[in-house]
Amino acid sequence: MGKIISFSNQKGGTGKTTLAANIAVLWSNSDYKVAVYDADSQKSFTHWIEARKKYYGENDIGIDLLSYNPHTFDQDLRDIKKNYNFIIIDSPPSITYESTQIVKNADRVIVPAQPSPVDFLATLPFLDLVKKQRKNVTVVLNRVLPRAKLTEAMILRLRYAGAKISRSRISSKVIYAETFSVGRGVVDISINSDTSKEIIKLGNEILRNF
Ligand SMILES: Nc1ncnc2c1ncn2[C@@H]1O[C@H](COP(=O)(O)OP(=O)(O)OP(=O)(O)O)[C@@H](O)[C@H]1O
Ligand SMILES: [Mg+2]
């Protein structure tokens, strides 16, 4: 049975789509069967898939984009779960019926957050919501800058608030935007770069927690 992983946070711009795409590429390149639901009306993930089709060809992108319909979502997931190893959901930046339904259905909720006070404050209510649903939730610090005291301060504050934080952290690197714009992930370029190593570490950490 496929595992359902959502990338969610009510805060916008924290890296949900970037990390969802990069983890989808990592697992798909590792020969897992991967499907994605783009539940965000901004359709960033869908644009990325379109760019990927242009880059690799319609049938060689390795990831199935499934059509998201909140009215039939619960049943859709039950119907397709057996066909995939991983079903990734890119969530909208909001607490709505849709994002709550996504969290309800997810086996793992990954919450990207930047190590900044603004992200911290905007992420806490979302973590509360997920916790109320007794979901396995992990905060992933994204766009981490080297030697930033703010990162350690944010980790302490998140821990104090009872959040589980992944050991993997994702650095701030322009290659994420560069690869995203052409429908690629960082591990498509090289699996040996420091950037790819962080994505591989995160992917493995998520896998280990199943
Ligand atoms: N690790 C990173 N290093 C550098 N830039 C990053 C990183 N992660 C994300 N970004 C950039 O931050 C911006 C927001 O990222 P992204 O779209 O993934 O966030 P999001 O949470 O999906 O946003 P939204 O809430 O609008 O859906 C993008 O321009 C993306 O390229
Ligand atoms: Mg997004």
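Indexing begins at 1, ligand by ligand and atom by atom, following the structure's order. Here the structure is a predicted model, which is why all the values come from computation and not from measurement.
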Would you be so kind as to tabulate the donor-acceptor pairs closer than 3.5 Å made by side chains of residues 103-121, with sequence neighbours excluded?
from	atom 1	to	atom 2	distance (Å)
Asn105	ND2	Asp74	OD1	2.8
Asn105	ND2	Gln101	O	3.0
Asp107	OD2	Ile4	N	2.7
Arg108	NE	Asn209	O	3.2
Arg108	NH2	Asn209	O	2.4
Gln114	NE2	Gly13	O	2.8
Ser116	OG	Asp119	N	3.1
Asp119	OD2	Gln114	N	2.8

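- In the model, Ser99 has a side-chain atom that pairs as donor or acceptor with a side-chain atom of Thr96 under 3.5 Å.
- Around ligand 1, the residues contributing at least one heavy atom under 4.0 Å from the ligand are Gly12, Gly13, Thr14, Gly15, Lys16, Thr17, Thr18, Asp40, Gln42, Pro93, Asn142, Arg143, Ile170, Ser171, Ser172, Lys173, Tyr176, Ala177.
- Checked by atom type, the side-chain pair Arg184/Tyr56 shows a donor-acceptor distance below 3.5 Å.
- Ser8 and Ser6 are linked by a side-chain donor-acceptor pair at a separation below 3.5 angstrom, with hydrogens and angles left out of the test.
- Contacts classified as side chain to side chain donor-acceptor pair (under 3.5 Å) and involving residues 145-155 (residues at least two apart or in different chains) are given here: Glu152-Arg169.
- Ring centroids of Tyr37 and Phe73 are separated by less than 6.0 Å, placing the two rings close together.
- By the criterion of side-chain heavy atoms lying less than 4.5 angstrom apart, applied directly or through intervening Ile, Leu, Val, Met, Phe, Trp or Tyr residues, Ile165 is not grouped with Ile170; the two fall into different hydrophobic clusters.
- Under the 3.5 Å distance criterion, with hydrogens and angles disregarded, a donor-acceptor pair is assigned to the side chains of Tyr84 and Asp64.
- Minimum heavy-atom separation, Gly15 to Asn142: CA-ND2, 3.5 Å.
- The number of protein N/O/S atoms found under 2.8 Å from the Mg ion (ligand 2) is 1.
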